[in-house]
Amino acid sequence: MSREVRVRFAPSPTGALHIGGVRTALYNYLFAKKMGGKFLLRIEDTDQNRFVPGAEDYIRESLEWLGISPEESPWNPGDCGPYRQSERKPMYMQYALDLIKNGHAYYAFDTPEELDAMRDRLTAARVVSPQYDSITRTQMRNSLTLPEDEVKQLLESGAHYVIRIKIPRKEEVRLHDMIRGWVMVHSSTLDDKVLMKSDGMPTYHLANIVDDHLMRITHVIRGEEWLPSAPLHVLLYRYLGWEATMPEFAHLPLLLKPDGNGKLSKRDGDKLGFPVFPINWADPTTGETASGFREQGYLPDAFLNFLAFLGWNPGDHRELFSLEELVEAFSIERIGKSGTQFDVAKAKWYNEQYLRAKSNSELAGFVIADAAAEDVEIRQEKAEAIVAFIKERATFTADLWRESKFMVIAPTSFDAETASKKWSSDPVKVLTNYAKSITGFTGTYDAVTAKSMLEASAVAEGIKLGKTMQAVRLAITGMGVGPDLMEVFAILGTKEVASRIEYALATLEVVG
Ligand code: GLU
């Protein structure tokens with residue numbers, strides 16, 4: 001009988017969730033849905049020194065924003081709880097003791113000074129990476145080297161100890177990765193990692209394996225940075241007697257900086273002018289702030305689509321996928337091995353596509369809300385007309401109001417450079433004539449009519465319209481450049497156009 005697919009996203013609450021972490025969550029989600037399985041979230045908070053308040057809420061809010069919430073999590077527990085490792089603390093020791101009993105782990109009593117001395121000794125002997133391993137352990141103070149009664153007495157007296165895994169000296173550790181194929185590591189390169197710390201907390205390695213087993217995880221999909229730990233994890237499954245149900249591994253490729261030089265780091269974001277976090281983050285301990293995709297105006301579905309393509313592709317030329325379509329098309333086999341460059345232009349492109357695909361009536365809501373925030377009231381109908389006009393020029397929803405504001409609020413100031421170069425007697429004559437001709441006009445004032453009436457005014461004054469157009473734009477919008485002016489005239493209507501012309505005529509000084 002095949003097991004139900006269960007995958008987990010297992011972040012540590014040490015700060016804001018980096019975009020790479022969000023991608024890991026997304027791939028886990030897509031795989032679970034594709035396989036008709038479950039997506040879990042487990043908080044890995046065994047390292048109390050690195051705990052940052054607010055980080056867990058941040059993770060939750062980010063996933064909720066994207067609509068990829070887990071089915072089992074600390075805030076929505078299933079039958080495998082608790083879902084925070086700190087709350088599972090009493091569960092781990094028994095497994096560490098089992099490992100000691102079957103000879104695959106041992107107590108180590110070395111003090112920090114003794115560990116330092118060991119490293120110094122090995123460094124002096126030109127050992128490249130000094131570590132507590134199958135050779136070093138024979139010279140240290142642990143239950144493999146000390147007499148049994150001394151070990152017993154140390155434990156009874158409450159001496160500080162850690163529990164370490166006993167890595168075999170000469171063994172080929174093989175593991176299969178769904179993305180990379182077979183990976184082989186020789187055990188002599190591995191160190192005797194600590195499994196239980198002296199404070200009674202498990203380390204990441206032990207807790208991760210115990211929890212994946214108890215939570216019936218079938219596939220571990222995580223970042224490439226965990227690949228070096230995977231051989232150790234395979235040994236733990238073996239030594240705990242869980243090899244038959246060991247999850248399959250898939251280690252995701254790194255996200256690289258936009259120039260391809262190195263890993264995209266948390267610090268790159270605001271430095272390079274784009275976010276690397278899903279939502280805004282204010283670190284309560286350092287006071288540092290970082291901007292998020294949500295607050296920069298990205299739509300969640302556009303961001304998800306962009307994220308899915310950072311390392312995966314459907315194998316054809318299609319690029320636009322809804323979350324449901326991603327689920328349908330997703331497969332681990334189509335995840336690449338090599339790192340993927342982060343490309344913010346592509347993120348913007350996705351946002352533009354999703355923005356344009358939205359109906360004018362839906363987008364009108366953003367215009368109405370943004371305008372209301374500036375105490376400007378706009379009716380739905382007008383907002384929709386504005387949206388229809390500005391949509392193709394907008395990347396973010398905030399652009400809709402920012403770029404169209406001038407159509408609602410009459411200019412009270414004018415671009416100085418354009419004014420000083422273009423506001424001559426010719427446009428003044430054309431505009432004076434035009435204001436008169438549209439006052440009382442009762443026909444349909446669309447872009448074509450607005451334009452032909454303007455041409456008629458120019459002809460009546462014996463002036464070439466083309467030469468005055470920038471000044472006309474200045475009078476109506478206050479700016480020297482902008483979108484199709486005749487469309488603007490039509491949206492504003494005759495009354496508003498006439499009143500703006502009058503204000504400009506009364507305010508601007510004629511040059512030349
Ligand atoms: N807690 C680890 C992290 O923060 C999880 C690694 C894993 O998925 O095994 O990335």
Side-chain angles (χ1 to χ4, degrees), residues 5-32 37-52 54-56 58-60 62-63 68 70 72-74 80 82-89 92 165 175-180 183 193-195 197 201-237 240 242 245-255 263-266 276-278 281 311 332 335:
V5 165
R6 287 170 64 83
V7 296
R8 86 304 192 269
F9 176 49
S12 298
T14 53
L17 188 58
H18 177 251
I19 175 170
V22 190
R23 185 193 59 174
T24 301
L26 173 63
Y27 285 7
N28 272 285
Y29 174 91
L30 295 176
F31 183 70
K38 293 248 157 60
F39 170 50
L40 285 68
L41 183 136
R42 180 174 70 229
I43 295 289
E44 301 211 322
D45 57 350
T46 54
D47 192 348
Q48 298 287 311
N49 298 327
R50 296 181 61 217
F51 178 81
V52 174
E56 186 183 312
Y58 179 92
I59 292 164
R60 180 179 179 175
S62 300
L63 298 185
I68 53 170
E72 295 175 26
S73 66
C80 296
Y83 289 78
R84 279 184 205 97
Q85 287 183 328
S86 58
E87 294 167 15
R88 300 169 69 85
K89 186 176 171 186
Y92 303 107
I165 184 169
L175 77 108
H176 186 262
D177 184 276
M178 294 171 80
I179 298 170
R180 280 145 226 278
V183 178
K193 283 264 181 306
V194 172
L195 302 177
K197 296 183 272 191
M201 268 290 196
T203 56
Y204 154 73
H205 301 291
L206 181 68
N208 189 269
I209 271 43
V210 168
D211 289 345
D212 280 349
H213 175 73
L214 297 178
M215 293 180 168
R216 307 188 300 279
I217 297 303
T218 56
H219 298 78
V220 166
I221 305 169
R222 61 184 173 191
E224 186 180 273
E225 63 274 26
W226 298 103
L227 188 59
S229 302
L232 166 69
H233 296 173
V234 169
L235 289 177
L236 280 172
Y237 280 106
L240 286 163
W242 299 335
T245 54
M246 183 169 82
E248 292 206 51
F249 293 103
H251 289 92
L252 305 175
L254 290 178
L255 286 187
K263 200 174 144 182
L264 183 70
S265 81
K266 295 195 174 192
V276 293
F277 297 109
W281 167 249
I332 291 191
I335 296 175

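Ligands are counted one by one from 1 in listed order, and the atoms in each one are counted from 1 as well.
- With hydrogens and angles ignored, the 3.5 Å screen pairs a side-chain donor or acceptor of Asn28 with a backbone N or O of Ile221.
- Residues meeting the salt bridge (charged side-chain N to carboxylate O under 4.0 Å, His left out) test with Glu248, sequence neighbours left out: none.
- Side-chain atoms of Ser73 never come within 3.5 Å of backbone atoms of Leu41 as a donor-acceptor pair (strictly under, hydrogens ignored).
- Within the structure, side chain to side chain donor-acceptor pair (under 3.5 Å) pairs that include any residue of residues 41-51 comprise Arg42-Glu44, Arg42-Asp212, Glu44-Gln85, Glu44-Asn208, Asp45-Ser86 (at least two apart or interchain).
- Sorted by chain and number, the residues within 4.0 Å of ligand 1 by heavy atom are Arg8, Ala10, Ser12, Glu44, Tyr204, Asn208, Arg222, Trp226.
- In this view, Ser62 and Tyr58, Pro278, Ile279 satisfy the side-chain contact (heavy atoms from CB on, under 4.5 Å) rule, not counting sequence neighbours.
- No side-chain donor-acceptor contact under 3.5 Å links Arg6 to the backbone of Lys38.
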